[in-house]
Every structure is written in structure tokens, then in C-alpha cells.
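All values derive from a computational prediction rather than experimental measurement.
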Amino acid sequence: MFDRLEDLVRRYEELMLELNDPSIANDQDRFRRLMKEQSDLAPIVETFQEYKKSKETVEDSLMILEEENDEEMRELAKEELNDAKARIEELEKQLKILLLPKDPNDDKNVIVEIRAGAGGDEAALFAAEIYRMYIHYIETKRWKVELIECEEIGIGGMKNVTFMVTGKGAYSVLKYESGVHRVQRVPETESGGRIHTSTITVAVIPEAEEVDVQIDDKDVRIDVMRASGNGGQCVNTTDSAVRLTHIPTGIVIYSQTEKSQLQNKAKAYALLRSKLYDIECQKAHDAEADARRSQIGTGDRSEKIRTYNFPQGRVTDHRIGLTLYKLDKIMNGDIQEIIDACIAADQAAKLSKLEETA
């Protein structure tokens, strides 16, 4: 591990020299590439430098304990030694995590699809609430949201909604939301006061760029039509709605949220590219079944990942055994604690697998 860290430090120093070369300004593509590599390496290099300083502190403290007779100085040295040893242990763990293979999609923007499942109107109402939960969370991250497709029902629910999230590291955070979300509560339409269980599915797909997926025009049928629906924030009643049908896969994309046919077409193609890219990613994951099972919440989208129990004010994430009694806050977008726990569990599983194979 430490040989690799030294190599990364050398590479970081090379990058800094290259970035300080005035001629780099003439090649913006290369400049962006180098800046990206430098920013990826910076946390590793900084942590390693702190690790080395802590090692030096240990050596200095041991030397003082060997050579110093003054009791007060010896006590200070012992305190510094214990603090440095604890810090070294913590930094070693951080370095192992930083050196874990990175998901190549982590820095990508994402497309999120929410679909009502079992439970009829109640599932559609819950889908709308989960959509608002994500919007509130995304606002706290200062990310940008663009609506792509939405099918509303008259009572304020959503049969399905698709939106794009643009922001640094969006996929690395939101990927843990893929799966089946279950709600347990008494619906407003339930006169007997019985608790019903409904479900929705969430799919988080990394945005694919044109270089990731090439789409042959002859494989796509394009239909243009008037936007339809119940109105509201999701629909503009124009003649600019676009439906794409990808003939080889049967994937159908419908976009109607923009007033311009051109914009709707661009959005539909972006979603189609991402869906095709996601299919390839899923195939790769299936080919590495063991690696996929070692990850938290980035696998099978039919997996029940979370239950929202309204009578008890409880949210339980079944993948990591986490239960929180703050349902109101969570439904208002306060989901960072759950995401952090998923990331920590994912990293722990990957570290454990790495140690098994070492």
C-alpha cells in the first residue's frame, strides 16, 4: 500500500509542475483532464502527508522518552505518543478507503426515475412525497434539477416521475436510493382505520455522455405529439412532446416538460443514452456477482431497501439494519444520515473483501 502511495505522491508532484506550465492554457482539454486527476489525488496525498507527520511525531516522542529525564517533559511526550498512535490508526483506515477502486460513474450526474408500484392511488401519493423528499435534499446540496417526464393523477399523486440531477458527485450519493421503498400508513380514503402497505420503485441511473453510448439514428423512431396529462407543474400543453422508441431494446422515452420540441428531443435522447448505458453497467455487474453482492444498495432494483412506517414515525433501511425515529424530518429531505450510513457500510464491505483476498 505504501509503495503505491509514494507513486501517487510522485504523480501528484508531476501534475502540479504540468499545471504550473503557462503553455497548458493553450490546451483546455488537457488542462481539464490534469485538473481532474489532480483533484482526485489531492485527498489521498494530503492524508498520506498527515500520516507521515504522525509517524514522525511517534519517533520524536520515543526519542524524548529515551533521552529525557525531566518527568514533565516525559509526560508530555507520552501524551503526544498516544495521540499520534491513535491518529495513525485512523489515517491508515482512511487511506485504505481512499485507495479502494472508485466507481467510474461516481462523478456523473444522474437520472432518477420514481414509479408507483403496489397500492394504487396510495402508491402514487407516496411517489409524489418521495419526489418532494429528494427535491428538498437536492436543494441542500445546491445541485440542479431538471424535470424530464411526469404522469400525475388528479389527487396530487404521481404514477411516475423522471428527473435529472446535475451536481458534483451526484451519482456517488444518490445511487444508494435505488430499489423498492415501502410505506405503511392509514390512507386518507380508508374509513376503517386499517394500515395499508404500498410500494414505489426508485431507479438512479448515471447520465451517459455521447462518448459513452453511440445511438444509430435508424434504430430510433421519433413521434411528435401534443403534451397530455392533468396539467400542473409537470405538463405544458403544447404540440412539442416527443416520444422516442429504441427499436432494438423496445425502450420508449417520452418527454413533454419543455415548450420547445428541440429541447424535449434533447432530453429524451439524454435519457435514452443513460438507459442504454445503464443496461451495459447492469450486465457488467451481473458478470461480477460477488463484487455486486459486496456493495450496499447498488444492485438489484427489485430489492426492498427501506420502509417508512407513519404510525410509528419510523424509517428502517433494511440493507444496513438502520432504524430512525424521525420520519417527518426524513420526508422533508433530511436523508444524509441514511446515505452516510450506506456509504460507511459499503466501504466496510469492500475493505473486508479486499482484506480477504490480500
Side-chain angles (χ1 to χ4, degrees), residues 97 100 103 105-106 110 112-120 122-138 157-158 160-161 165 170-187 194-206 278 281-282 285-286 288-353 356:
I97 289 169
L100 283 172
D103 185 332
N105 294 319
D106 273 354
V110 297
V112 182
E113 292 182 326
I114 303 171
R115 295 190 178 277
E122 173 65 8
L125 287 167
F126 184 54
E129 289 173 69
I130 291 295
Y131 169 67
R132 286 191 289 273
M133 177 186 82
Y134 288 138
I135 295 302
H136 289 317
Y137 175 68
I138 289 160
M158 294 175 174
N160 61 75
V161 57
V165 182
Y171 184 75
S172 70
V173 172
L174 292 174
K175 65 183 177 183
Y176 298 101
E177 294 301 300
S178 277
V180 175
H181 296 239
R182 183 174 70 167
V183 60
Q184 294 173 328
R185 64 183 174 190
V186 180
R194 291 174 301 171
I195 294 173
H196 287 227
T197 298
S198 304
T199 62
I200 66 161
T201 57
V202 176
V204 179
I205 303 168
D278 187 52
C281 289
Q282 291 296 319
H285 284 161
D286 291 340
E288 300 171 10
D290 290 339
R292 186 174 177 182
R293 277 195 291 271
S294 77
Q295 295 176 7
I296 305 296
T298 55
D300 190 352
R301 292 195 186 118
S302 64
E303 174 192 11
K304 180 185 73 179
I305 66 164
R306 200 173 295 152
T307 295
Y308 305 73
N309 186 299
F310 277 71
Q312 296 177 17
R314 165 176 63 82
V315 175
T316 299
D317 195 290
H318 304 288
R319 299 163 295 179
I320 54 176
L322 175 69
T323 296
L324 299 172
Y325 288 89
K326 56 173 192 177
L327 184 141
D328 287 348
K329 287 184 177 179
I330 287 167
M331 295 308 295
N332 279 318
D334 186 7
I335 60 172
Q336 192 62 55
E337 186 176 352
I338 300 174
I339 289 170
D340 287 343
C342 287
I343 291 170
D346 193 14
Q347 289 172 343
K350 287 174 181 174
L351 278 174
S352 175
K353 188 171 178 63
E356 282 173 17

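- Distance check: I138 CD1 to I135 CD1 gives 4.5 Å after rounding to the nearest 0.5 Å.
- Note that the CD1 atom of I97 and the CD atom of Q347 stand 4.5 Å from one another [nearest 0.5 Å].
- Side-chain contact between M331 and I130 is present, with heavy atoms from C-beta onward closer than 4.5 Å.
- Inter-residue side-chain proximity for D106 and K175 is flagged as met; some heavy-atom pair is nearer than 4.5 Å.
- Of the inter-residue distances, the one linking R185 atom CZ with E122 atom CD reads 4.0 Å to the nearest 0.5 angstrom.
- Inter-residue side-chain proximity for I339 and E177 is flagged as met; some heavy-atom pair is nearer than 4.5 Å.
- Of the listed residues (V161, N160, T199), just one forms a side-chain contact (heavy atoms from CB on, under 4.5 Å) with R115, and that residue is N160.
- Between S178 and the options T201, V204, I205, a side-chain contact (heavy atoms from CB on, under 4.5 Å) holds for only V204.
- When every heavy atom of C342 is checked against every heavy atom of R319, the shortest pair comes out as SG-NH2, 3.3 Å.
- Here CE of M158 is found 8.0 Å from CD1 of I114. Values are rounded to the nearest 0.5 Å.
- I335 contributes atom CD1, which lies 6.5 Å from atom CZ of R306 (distance to the nearest 0.5 angstrom).
- Side-chain contact of R182 with T307: a donor-acceptor pair under 3.5 Å is present, judged by distance alone.
- Between the side chains of D346 and Y176, a donor-acceptor pair is found at a separation under 3.5 Å.
- In terms of heavy-atom proximity, P206 sits nearest to D278 at CD-OD1, 4.2 Å.
- Counted by atom type alone, E129 and Y308 present zero donor-acceptor pairs between their side chains at under 3.5 Å.
- Put simply, the side chain of T316 does not reach to within 4.5 Å of the side chain of N309, judged on heavy atoms.
- Note: F126 and F310 have perpendicular aromatic rings, judged against thresholds of 30 and 60 degrees for the angle between ring planes.
- With sequence neighbours excluded, the residues forming a side chain to side chain donor-acceptor pair (under 3.5 Å) with Q336 are Y137, D340, listed by chain and number.
- Around NZ of K326, the count of heavy atoms belonging to other residues, nucleotides or ligands within 6.0 Å exceeds 12.
- The distance from atom CD1 of I330 to atom CZ of R314, rounded to the nearest 0.5 Å, is 11.0 Å.
- Under a 3.5 Å cut-off, the side chain of S198 and the backbone N or O of V183 do not form any donor-acceptor pair.
- The shortest heavy-atom contact between I320 and A345 is CG2-CB, 3.5 Å.
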